[in-house]
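Scroll down for the structure; my scribbles are underneath it.
Ligands are counted one by one from 1 in listed order, and the atoms in each one are counted from 1 as well. We count residues from 1, following the sequence as given.
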Amino acid sequence: MSGKPTVSKDFIWSLPKAELHLHLEGTLEPEMMMALAKRNHVTISYPDVDAIRKAYVFTDLQSFLDVYYAGCSVLVTERDFYELTAAYLERAVSQGVRHVEVFFDPQSHTARGIPFETVISGIHRALIDYETTHGVTSRLILSFLRHLSESDAIATLKAAEPFLAWIAAVGLDSSEVGNPPSKFAKVYEQARNLGLLAVAHAGEEGPPEYIWEALDMLQASRIDHGVRCLEDERLVDRLATESVPLTVCPLSNVKLHVFPSLAESNLPALLERDLRVTINSDDPAYFGGYVADNLLAVAQAFSLSCEQIVGLVRNSFLSSFLSDAEKAKHLADIDRIAQNAKECS
Ligand code: ADE
Ligand code: ZN
């Protein structure tokens, strides 16, 4: 199951897609990092764009997070967050993305003295502008940094309260091992009581137990990554029976050494088990590809068929927080494009 591409790049780009696992701060391309450092008079430890790109060699999740949080230091004003979000949406639209559910990490900014309102106002303004001009719909996910305390997460949720109309869900990211979902049971309960939905990173580097905890203690309706679920047969059964979406990020998993190579990733096994897999880009500026690049990479690595690619993009809408009517519209568009594609005949 590898080698020969069975679908064209054009076909993958033409399919409507929803992106469900995307960290806005992870879309900060080196050129923008350099420009914002200059504009905001922030010192970064790279002399130029080439040096930034060269630094993007990671050994694991933590080695990436150290670079990612350092990169965040150039984001200061509402305009910066607007431009970051707008630049991402521009690239996403060019890859056929019609709907995005994006994470932001407020604590990596409020800890530097940037007001919560500055961060969310810039992001929200860009999301609304791109829905108006390009028709791309969106949901915003406030992600708690799990290496920090639960009380810090509770304070962040409090700061978010005036902006709840702009936030669909809470998420959990950052250093996974040693920071289990159970550490955040209380703040998730508070978030759910405020009407927010719940997702959580689990089973990226952490064990299957963390996926159980995300489901049972946080009531997460989606698992971000989740690739280590295959180590626990009972968990796989539960995820399959309940159609729990897994937001898998293939290029990220290779860059962070979750798998030694794409060909050695467990995507075929996940598909074999009838799990509701979606393909996403995670932190595309750092991992070398946006969502269609990720789809093309797995299509090539595993010679995925038209039906399998279509299944993955269908899953992206089925797993989203869109209404049933909106989902049905996107699914009909996908089916129409697939019916007319030469590779699907
Ligand atoms: N924050 C940004 N990207 C992340 C990832 N892949 N895992 C955990 N936290 C993150
Ligand atoms: Zn992630």
Next on the checklist: To 10 degrees, how wide is the angle NE2 (H201) to the Zn ion (ligand 2) to NE2 (H21)?
Outcome noted: 90°
Item to check | Heteroatom of D282 nearest to the Zn ion (ligand 2) (N, O or S, atom name) | outcome: OD1
Item to check | Protein residue, atom and distance nearest to atom 3 (N) of ligand 1, heavy-atom basis | outcome: D283 OD2, 2.7 Å
Checklist entry - Does the K327 side chain pair with the main chain of L318, one donor and one acceptor, at a distance under 3.5 Å? => result yes
Checklist entry - To the nearest 0.1 Å, how far is atom 9 (N) of ligand 1 from its closest protein heavy atom, and which atom is that? => result S174 N, 2.8 Å
Item to check | Residue and atom name of the nearest protein heavy atom (relative to atom 7 (N) of ligand 1), distance in Å to one decimal | outcome: E204 OE1, 2.8 Å
Item to check | E131 and S138: side chain donor to acceptor below 3.5 Å | outcome: no
Item to check | N, O or S of H23 under 2.8 Å from the Zn ion (ligand 2) | outcome: yes
Checklist entry - Is there a donor-acceptor contact under 3.5 Å linking the side chains of E78 and S121? => result no
Checklist outcome for this item: Closest to atom 1 (N) of ligand 1 among protein heavy atoms sits H23 CE1, 3.6 Å
Checklist entry - Numbering the atoms of ligand 1 from 1, which are under 4.0 Å from a heavy atom of D173? => result 1 (N), 9 (N), 10 (C)
Checklist outcome for this item: ring pair (Phe, Tyr, Trp, His ring centres under 6.0 Å) with H109: of F104, F116, F81, only one passes, and it is F81
Checklist entry - Just checking, is any N or O donor in the side chain of T278 or N315 under 3.5 Å from an acceptor N or O on the other one? => result no
Checklist entry - Heavy-atom contacts under 4.0 Å between E176 and ligand 1: side chain, backbone, both, or neither? => result neither
Checklist entry - Can the ring centroids of Y286 and H23 be said to lie less than 6.0 angstrom from one another? => result no
Checklist entry - Checking T118 side chain against I114 main chain: does a donor-acceptor pair fall under 3.5 Å? => result no
Next on the checklist: Please list, in number order, the atoms of ligand 1 under 4.0 Å from a heavy atom of H225.
Outcome noted: 6 (N)
Checklist entry - Which of the atoms of ligand 1 are close to L65, meaning less than 4.0 Å from one of its heavy atoms? => result 1 (N), 10 (C)
Item to check | K255 with D283: basic N within carboxylate O range, under 4.0 Å | outcome: no
Checklist entry - Hey, would you say the Y68 and F64 ring centroids sit under 6.0 Å apart? => result yes
Item to check | Cation over ring face, R222 and F321, 6.0 Å, 45° | outcome: yes
Checklist entry - Against heavy atoms of F64, which atoms of ligand 1 measure under 4.0 Å? => result 2 (C), 3 (N)
Checklist outcome for this item: of all protein heavy atoms, closest to atom 6 (N) of ligand 1 is D282 OD2, 2.7 Å
Checklist entry - Checking only N/O/S atoms, does E204 have one that is under 2.8 Å from the Zn ion (ligand 2)? => result no
Item to check | Any N/O pair S252/ligand 1 closer than 3.5 Å | outcome: no
Item to check | Heteroatom proximity flag, D105 to ligand 1, N/O under 3.5 Å | outcome: no
